[in-house]
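Notes for the one structure printed next.
Numbering of residues begins at 1 and proceeds along the displayed sequence. Note that ligands are numbered from 1 as they come in the structure, with each ligand's atoms numbered from 1 the same way. Since we're looking at a predicted model, the values are computed, not measured. Because only heavy atoms are used, hydrogens play no part in the values below, and waters and symmetry mates are left out as well, while side chains stay in.
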Amino acid sequence: MPGTSSEIEDLRTQLRHHEHQYYVLDAPQITDAEYDVLMRQLQKLEAENPDLVTADSPTQRVGGKPREGVAKAAHSSAMLSLDNALDEMELRAFDARVRELLGGAAYRYVAELKMDGLSLATRYRENTLQQAITRGDGSIGEDVTENARTIRSLPLRVTAERTFEVRGEVIMARKAFERLNTERDAQSLPRFANPRNAAAGSLRMLETSVTASRRLDYYAYFLLDETGGPIFDSHWESLDWLAAQGFQVNRRRRLCDTVEDAIRFCQEFDAERDNLPYEIDGVVIKVDSIPQQRQLGYTAKAPRWAIAFKYAARQAETEVLDVLVQVGRTGALTPVAVLAPQVVSGVTVSRATLHNEDEIARLGLQIGDRVLVERSGDVIPKVVRVTQEGEVRRPFVMPTECPVCGGRVVREEGEAASRCINLNCPARLKESIRHFASRGVMAIDGLGDVLIDQLVEQGLVKSVSDIYALTPEQVAALERMGAKSATNLVENIAASRKMPLPRVLGALGIRFVGERTAELLADEFGSLDRIAGASPEELQGAQEVGPKVAESISAFFREPHNADLVERLRLAGLKFDHVVKKKEGGKLKGLTFVLTGTLPTLSRDEAKKRIEDAGGKVAGSVSGKTSYVVAGEEAGSKLEKAVSLGIPILDEAGLNGILEPSNT
Ligand code: IVH
């Protein structure tokens, strides 16, 4: 089809631009959903025209192409490490040596943050990324090109025609690191000890789609030509050039006229360290002039023109006095070490998180042991390792009853966390209400986070069921509540009594019981009482319910606090019986759609007619009642609103997908 290839190139250019704005400049110009729409258009065109797929297409960032084993590759010139300066005196000594070797000529320094990750060399030829190699032993590294492609802040395409090589640091930002470890807890996999290990492990994965899911970042800090020689006369200029080519170059960098300026930079960022979105372990100070760098040359292991100023370790040794348990919002019990108070780089530390039982086992930790603790960012300190077993030591035992409510504690098979399964546990109550009121569940408009906090903290709601007893006067007396919105809320709560049994079942928040399972259970058993009274074996009689889900449901109803909640909800007048409806009306009956933007083939009237023919409604504006937003090109504020409300978004293909007659 003529024009397709230029359409593809146009989409790629747009996507590259937006990736750069988002991942490198941190200044997105379009919403994620709009980005997704562009990406889907490109994916579709590429799927239809496989010949036109190129390695530098933004679609290639998702990984999937597995690496074929571990291939080694040689570096164009050695990747050296740096000498360290452990204090300001050592920095001044470095400066004195530089001054002497340069024989009185004027010189300047560039100060950059020393990011704590792993170094990676990337080669570009004919405008595209050709190869990425880890440091390895400095002369030979591992070829990780396919993995590197998945790093969103590493350009796959550049404007410069020339051949060049970039060296930089692959890191994992703190947020991505926390998220990864939380996911690993949920899968009972061991946690990564720090972002550097997580980044290194993720980059070297043979399964590149796993690398893609890990959200790595790349910061460029060095530029070479194909022979390992320089391109510019100044390092500062090289960094600016790299930024102009689309690389992420740390903007926290400074041109310094004297070593004292560089020392100030080190001090400033030592104080700022905890507030940065990534971990740093020091500052790298480099002579700016590249002719002068060559004049200074190298020792056997490091350049004479650069030095790494290392920050003091944020670790210290202390004793574990006890291990307590905290109950989180999801009922998860987190063991916390109580420590003999110890100052770690200026801050007194007396507690450290131990995450879960597996982590304690991994550390081999017992109460009474001496441990190394580490402080990083504002987060609660963590135990790195046991340094010495206590003379008197005793193992930590996870309680079988919740320390907050006395409810039963359960550790499901295959889970790292032990949980309090009492839905009314105060620590869980807020989260439970949030779930209960949410859109796909009881859909109570207006019962948001701020309100839930107040209701629980003021003792107005002690059990989820108490919301049905709230009066407009009680609600109106809360902060930031008017009489009108209070009345609306109480009406919305009352209206939720009409929600069908699958919603009520979903609202209980039983682990593994989502919307679909709730419907299948309701269809099979016909009432909540029959579900609650069923044995795990009987529960498995329902479609798609396996032993794990059955056991979870059964354990839920056996817990007396939950049985009590069920009774209260019955008294509040919720629907416990289920009428299995005969399929009537169209497929989209009960669903409300909003159309926005231009669809590739359907006109707006055609799309509207198809939805209405299938029993759906089409509304003009997006609200909490909207089921789907169908978005085409140049979709604007409606799409944004849908994203902010968490309403699912369909493109034309997606709409056709739900209009198509299904097999069941
Ligand atoms: S310059 C010859 N700049 O620190 C140039 N390194 O011990 C050598 N690092 O292996 C590297 N941030 O992995 C340089 N802004 C930065 C850096 C940096 C982190 C790492 C790099 C290197 C190690 C040096």
- Item | Pair Phe247 + Tyr221: ring centers closer than 6.0 Å | no

- Item | Ionic contact status for Asp137 with Lys72, cut-off 4.0 Å | no

- Task: Measure the distance from atom 3 (N) of ligand 1 to every protein heavy atom, then report the residue, atom name and distance (to 0.1 Å) of the closest one.
- Result: Lys286 NZ, 3.0 Å

- Where's the contact between Met79 and ligand 1, heavy-atom distance under 4.0 Å: side chain, backbone, both or neither? neither

- Message: Could you check whether Tyr278 and Tyr219 have their ring centres less than 6.0 Å apart?
- Response: yes

- Note on the structure: heavy-atom search around atom 10 (O) of ligand 1 in the protein gives Ser119 OG, 3.7 Å

- Item | Contact (N/O only, under 3.5 Å) between Trp305 and ligand 1 | no

- Message: Any salt bridge linking Glu46 with Arg12? Criterion: basic side-chain nitrogen under 4.0 Å from a carboxylate oxygen.
- Response: yes

- To which protein heavy atom is atom 12 (N) of ligand 1 closest, and what is the distance rounded to 0.1 Å? Met115 N, 3.2 Å

- Within-cut-off N or O pair, Phe222 and ligand 1, under 3.5 Å: no

- Task: Please determine if Glu169 has a nitrogen or oxygen closer than 3.5 Å to a nitrogen or oxygen of ligand 1.
- Result: yes

- Item | Enumerated ligand 1 atoms positioned under 4.0 Å from heavy atoms of Glu112 | 3 (N), 15 (N), 16 (C)

- Answer yes when Lys175 and Glu178 have at least one side-chain N-carboxylate O distance shorter than 4.0 Å, and no when they do not. no

- Within reach of ligand 1, part of Leu113 (heavy-atom separation under 4.0 Å): backbone

- Set of side chain to side chain contact (heavy atoms under 4.5 Å, CB included) partners for Phe232, sequence neighbours left out: Leu223, Glu237, Ser238, Trp241

- Mode of Val284 contact toward ligand 1 - side chain, backbone, both, neither (heavy atoms, under 4.0 Å): side chain

- Short version for Lys114: what comes under 4.0 Å of ligand 1, heavy atoms counted, is both

Donor-acceptor contacts under 3.5 Å from residues 192-200 side chains, at least two apart:
| from | atom 1 | to | atom 2 | distance (Å) |
| --- | --- | --- | --- | --- |
| Asn194 | OD1 | Arg196 | N | 3.2 |
| Asn194 | OD1 | Asn197 | N | 2.8 |
| Arg196 | NE | Asp116 | OD1 | 2.9 |

- Query: Do Tyr107 and Tyr109 have their ring centres less than 6.0 Å from each other?
  - Reply: yes

- Task: Could you check Arg251, Arg253, Lys286 and say which one makes a salt bridge (Lys or Arg N to Asp or Glu O under 4.0 Å) with Glu112?
- Result: Lys286

- Query: Tell me, which protein residue and heavy-atom name are nearest atom 18 (C) of ligand 1, and how many Å apart are they?
  - Reply: Tyr221 CE2, 3.5 Å

- Message: Could you identify the single nearest non-hydrogen protein atom to atom 7 (O) of ligand 1 and state the distance to 0.1 Å?
- Response: Leu82 N, 3.4 Å

